[in-house]
Structures are given as C-alpha cells and as structure tokens.
S.K.: 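Below are the structure tokens for one structure; questions will follow.
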Amino acid sequence: MHTKQLGVLSRLAVLATSASASTILFSGGTVIAFNRESNLLEVIRNGSVLVEDDRITSIYEGSVPPSSVSIPTDVEEVDITNKILTPGFIDTHRHGWQTAYKTLGSNTSLVDYFNRFGEFATAAEYPYGKDEVYYSQLAGLYEALNAGVTTTLDHAHHTFSDETSEAGLEASIDSGARVFWAYAFHVLANYSLEEQFANYRDIASRASYDGSPTTLGVAYDSFGPNPNITVINTLLDLIRESNASVLTTHSVQGPFGITNSPEDFQALSLFDKLPPTTPVVFSHASFLSPVGAQLLRTHKHTISITPESEMHYGHTHPTSHLIQDFASLGVDTHFTFSTDILTQTRLWLQSVRRLLYSQVLDRWQVPVNNPMSANQAFLLATRNGGLSLRREDLGVIAPGAKADLVIWDGASPGMLGWRDPVAAVILHANVGDVEGVLVDGKWKKKDRRIVDEKYDEVRERFLEMRGGCRTG
Ligand SMILES: *[C@@H]1O[C@H](CO)[C@@H](O)[C@H](O)[C@H]1NC(C)=O
Ligand SMILES: *[C@@H]1O[C@H](CO)[C@@H](O)[C@H](O)[C@H]1NC(C)=O
Ligand SMILES: *[C@@H]1O[C@H](CO)[C@@H](O)[C@H](O)[C@H]1NC(C)=O
Ligand SMILES: *[C@@H]1O[C@H](CO)[C@@H](O)[C@H](O)[C@H]1NC(C)=O
Ligand SMILES: *[C@@H]1O[C@H](CO)[C@@H](O)[C@H](O)[C@H]1NC(C)=O
Ligand SMILES: [Zn+2]
C-alpha cells in the first residue's frame, strides 16, 4: 500500500473517533462576543460559552444557563476565571511552506526576496522535496496556532510537482488548523501548467480534506498586465468544478507593476464570471486606486493588508487605510518576521494612527481625536478575516459560529490589571499569553502546549529537513 493511502486511512480513523459529540463549557471569564444586531463587539463579564462539536451553541452571563439550554452530563468544564476568551485570529495571506527559511531574509527587499526565496528561485535552484514541504508547512501552521491564529489563507506556491503540492495540503489537513489552501498555478521549467491543472483536478476529486477544517482554493498571479486568456478560462473551470473556497492573488501596483488589480479582474469580466461562493482576496493591494476600491465595494471582494511584510520589503501600503471596510490582515512570509496576527494588528493600528495624525500635523494643527480604535483593530484581525472569506461563521463568538477560540491569561504580568479586555489583548498581550486554542471545537493548544502527541517528532523531522534547503 502506498504511504499516501496509509495517510488517508489513518486520517479517516482519526475523523471517525472524533466524530462522537464533544461538548465544552467555558465559564467564569470575560468573553469578547459579537452582537449580530448592532454589528459591534459585546463584552460579557462572568460569561459562559457552550461549544457542541464544531460550533458555539450558547453564550450567557453568569453560571446558570437559561432554561432553553441543556448542558450534557459528559461536558468538559473549563474554568476561565481571570481569563479572556476571544475568537481565533484570521490570517488572510501566508506561505506556510517557507518556514525552513527562518531568519535568512532579515535584510531582504522585495527584489532580493524574488531572487533568493520566492517560488521561482526555490523551484529553479533549491527544489524542495515532499518532506521539506510537509514539515515546513506543518511547523509553520503550529507556529500560527500557537500564536492564536486559527484560520490561514495559504497562498500555496510550493506547487513544484504533484508530490510537493500534495505534501503541503496533507500537512494543512494534519495540523487541524482551518486552512484555505489555495493551490498556486505558475509557469515553471519542469512542471507544466497542464500538469498542475491535472493535479488540481485529481486533488479536488479525491477531496482528502473533506471532514477537516481545510478547504481547497486557487492562487494565481498573472491576471495582468497581458494575461493568458486560455489559462484564466481554465482556472474559472477549475474554480467552478471544485467549488473553490477562495481565489487569491498578489497585487503590488505602482512602480512594482505586479498589477493583478481589481481593474484587471473587471477587464476580464471575472467579477461576473466567478461563482458567488468564491471570494477574491487581493494580497497587499499596494497602490490600490480609487477605481479599484470602488470595484471591491461593488463586488464585495477584499484586500489582505500585511503590515509588517509591506514595510519590510518596501512596497508599503499607501492607500490601504482608505479601504479598511473591505480589508483583513495577513502575515505573508513568516520566515522573515513575526508569525502572529496580534503583532500585525498592533503595527497596523499604530501606523494608521501615525499616518492620519500626520495629515493634521501637516496643516500645523493639533490632532484632537484618535483616528482608529482598539475595537476597530480587533475586528480587522477577526471578523473582517471571516468576511474576506465570505464566512459569517468565522472570527466571531456568536451562537452558530465555528468554535475557533483563544484563551488569554488575563493575570500574566503584562495583562494584570486590565479593565477593557479588547485593549488588553490588542495593546498589552503577547503570544506568550495565549494559553489555549481551539479549532472546530477541538483543542490545538492547551495549558500553553501544542496538542499533538507527535509534535516532538514533527520538530525533529522539520529540523532535519531544513538542512536540505537553501541556507543563504
Ligand atoms: C458569576 O455568576 C454567578 C451566578 O450565575 C455568581 O454565583 C458568581 O459569583 C459570579 N462570579 C463573579 C466573579 O461575579
Ligand atoms: C544582513 O546584512 C548584513 C550587512 O549587509 C550582512 O552582514 C548579513 O549577512 C545580512 N544577513 C542576512 C541574513 O542576509
Ligand atoms: C529540470 O529537469 C531536468 C532533467 O531532469 C534537470 O536537469 C533540470 O535541472 C531541471 N530544472 C529545474 C529548473 O528544476
Ligand atoms: C497560454 O497558456 C497555454 C497553456 O499553458 C499555452 O499553451 C499558451 O502558449 C499560452 N499562450 C500564450 C500567448 O503565452
Ligand atoms: C460551495 O461552497 C460553499 C462554501 O464555500 C457552500 O456553502 C456551498 O454549499 C458549496 N456548493 C456546492 C454546490 O457544493
Ligand atoms: Zn505573499
């Protein structure tokens, strides 16, 4: 039997055993819930949250459930006194396979990145094998889960061969994280687009991710200028056939000329041709134009702002603060900088403040109002990510939402003394304060440790594999 078949079988076994109903009741702590009527965050002190299987089924104040709620006798009770319960963070742009390059890109510009670490440089000079991709992707997803990131839109450009493509998908499924795994189609010397299309169809028909939180999407970076219409029509077919959960593209306009802009999509009539269940995420959208912003609002697609990467690599985000209503946050190449959305959120919040304050100061006036709140930043990192993926059930604590949750230690030295839990998380917490993480109602981090009996082995194998990758 092939190892791949074994992998699928063991995964089925895991799914079968976890299929029996599991119920968790969190109580006694502060819950940052979302009120769907007001569309605002709602803080519940001494709150209780009931999770049944993969969903949040009930939220109430105090420890006595309302009469309509029955708590099963075999419930796992979790006391969250002095803790803060939030939805998991959502990262709408990342390349998980690059974990093996950690710290090697500390000085890179975007041009250096392409020449040394990008998909084409890697494919041409230091091709990863399936184990390199698998362990790099898995270690990277554990890094994200550890930091309270429960959903990742992975622009998966480790598609160098059938084997490496499938290894990255398999690692995503095995991590238990909610991965929107977007197969990247690209022109490579030794792996033709036709082979990639066939591989995608094969992956979609086998649907090994069914029953896991991972879904299949598409990534492509040549919508403009000079798009290949034959390729784009094939991608549309693939998206329709597979009911792709997302389409994503790198858009860096201005002097960079990597347009992939909303205007390019409009010129190709893609906003009309895409199925309504396939949202588009334009990563970075640096130098987005007013026309592009209007197209996003009309067709309800979004950008992923990756604050640290856009500053690190130099493409920046000159207009992104003007489209925060159709935006979410991402990390991008986590091998070069912070892996977590909390840091991205804080960087973004303070850079927007600085930018908007400067506009007042430029008129020799004194800014009186703070232009962006901690609550707005919290929503960008959570609910807006869900909306980018057209998923009302992600990024919120509300009845019916997916149970993707983070427990923060509100009594840590850095958090102690908080009154506003949103400000405590956004402005005072750090990744070390993440005590517990659940995805789909299943523990992924508990008592500050990754929940996976094979995690030590994953770490060892990852370090071994890393040796075979580029070192400079
Ligand atoms: C939480 O609510 C319960 C009643 O439902 C009460 O007994 C308990 O004292 C409350 N805890 C705090 C810290 O207020
Ligand atoms: C960063 O730049 C310094 C100075 O140019 C250089 O010595 C160092 O090797 C660079 N580090 C990496 C990881 O490229
Ligand atoms: C493509 O395959 C050929 C033959 O196996 C090999 O010699 C060459 O190095 C490969 N090129 C790349 C870019 O991987
Ligand atoms: C477009 O892509 C197809 C499929 O890979 C290829 O056969 C064709 O030559 C490309 N057309 C152009 C104009 O590059
Ligand atoms: C397509 O996927 C969406 C979620 O992305 C789901 O709601 C819908 O039911 C799916 N449609 C089909 C035909 O499978
Ligand atoms: Zn990227």
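Read the numbers this way: they start at 1 and go in the same order the structure lists the ligands and their atoms.
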S.K.: Judged by modelled atom types alone, do Ser172 and Asp154 share a side-chain donor-acceptor pair under 3.5 Å?
M.R.: no

S.K.: Strictly under 2.8 Å, is the Zn ion (ligand 6) approached by any N, O or S atom of His250?
M.R.: yes

S.K.: Looking only at atom types and distance, does a side-chain atom of Ser289 sit under 3.5 Å from a main-chain N or O of Gly292, one as donor and one as acceptor?
M.R.: yes

S.K.: Give the numbers and elements of all ligand 1 atoms closer than 4.0 Å to a heavy atom of Gly62.
M.R.: 2 (O), 5 (O)

S.K.: Below 4.0 angstrom, counting only protein heavy atoms, does anything approach atom 14 (O) of ligand 5?
M.R.: yes

S.K.: Looking at atom 11 (N) of ligand 5, what's its closest protein heavy atom, distance included?
M.R.: Asn243 ND2, 2.8 Å

S.K.: Give the residue, atom name and distance (to 0.1 Å) of the protein heavy atom nearest atom 4 (C) of ligand 1.
M.R.: Ser63 OG, 3.6 Å

S.K.: So which protein heavy atom does atom 7 (O) of ligand 5 come closest to, and at what separation?
M.R.: Thr277 CG2, 4.6 Å

S.K.: At less than 2.8 Å, would any N/O/S atom of His95, backbone or side chain, sit next to the Zn ion (ligand 6)?
M.R.: yes

S.K.: Would you check, one step at a time, whether the test ring pair (Phe, Tyr, Trp, His ring centres under 6.0 Å) holds for Trp97 with Tyr128?
M.R.: CA-CA 9 Å; Trp97 65 273; Tyr128 273 48; 5.1 Å; yes

S.K.: Restricting to N, O or S atoms, which atom of Asp332 is closest to the Zn ion (ligand 6)?
M.R.: OD1

S.K.: So, applying side-chain contact (heavy atoms from CB on, under 4.5 Å) with Leu85, which one of Leu438, Leu405, Val78 is it?
M.R.: Leu405

S.K.: Starting from atom 6 (C) of ligand 1, find the nearest protein heavy-atom neighbour and note its residue, name and distance.
M.R.: Asn46 ND2, 4.2 Å

S.K.: Would you sort out whether His95 and His334 count as a ring pair (Phe, Tyr, Trp, His ring centres under 6.0 Å), showing the intermediate values?
M.R.: CA-CA 8 Å; His95 312 287; His334 65 296; 8.7 Å; no

S.K.: Quick one: does Ser106's side chain get under 4.5 Å of Phe337's, heavy atoms only?
M.R.: no

S.K.: Can you check whether a protein heavy atom sits less than 4.0 angstrom from atom 2 (O) of ligand 5?
M.R.: yes

S.K.: Please indicate whether any nitrogen or oxygen in Ser245 is less than 3.5 Å from any nitrogen or oxygen in ligand 5.
M.R.: no

S.K.: Got a donor-acceptor contact below 3.5 angstrom from the Glu241 side chain to the Leu238 backbone?
M.R.: no

S.K.: Mind listing the closest non-hydrogen atom pair of Leu141 and Ala171 along with its distance?
M.R.: CD1-O, 4.2 Å

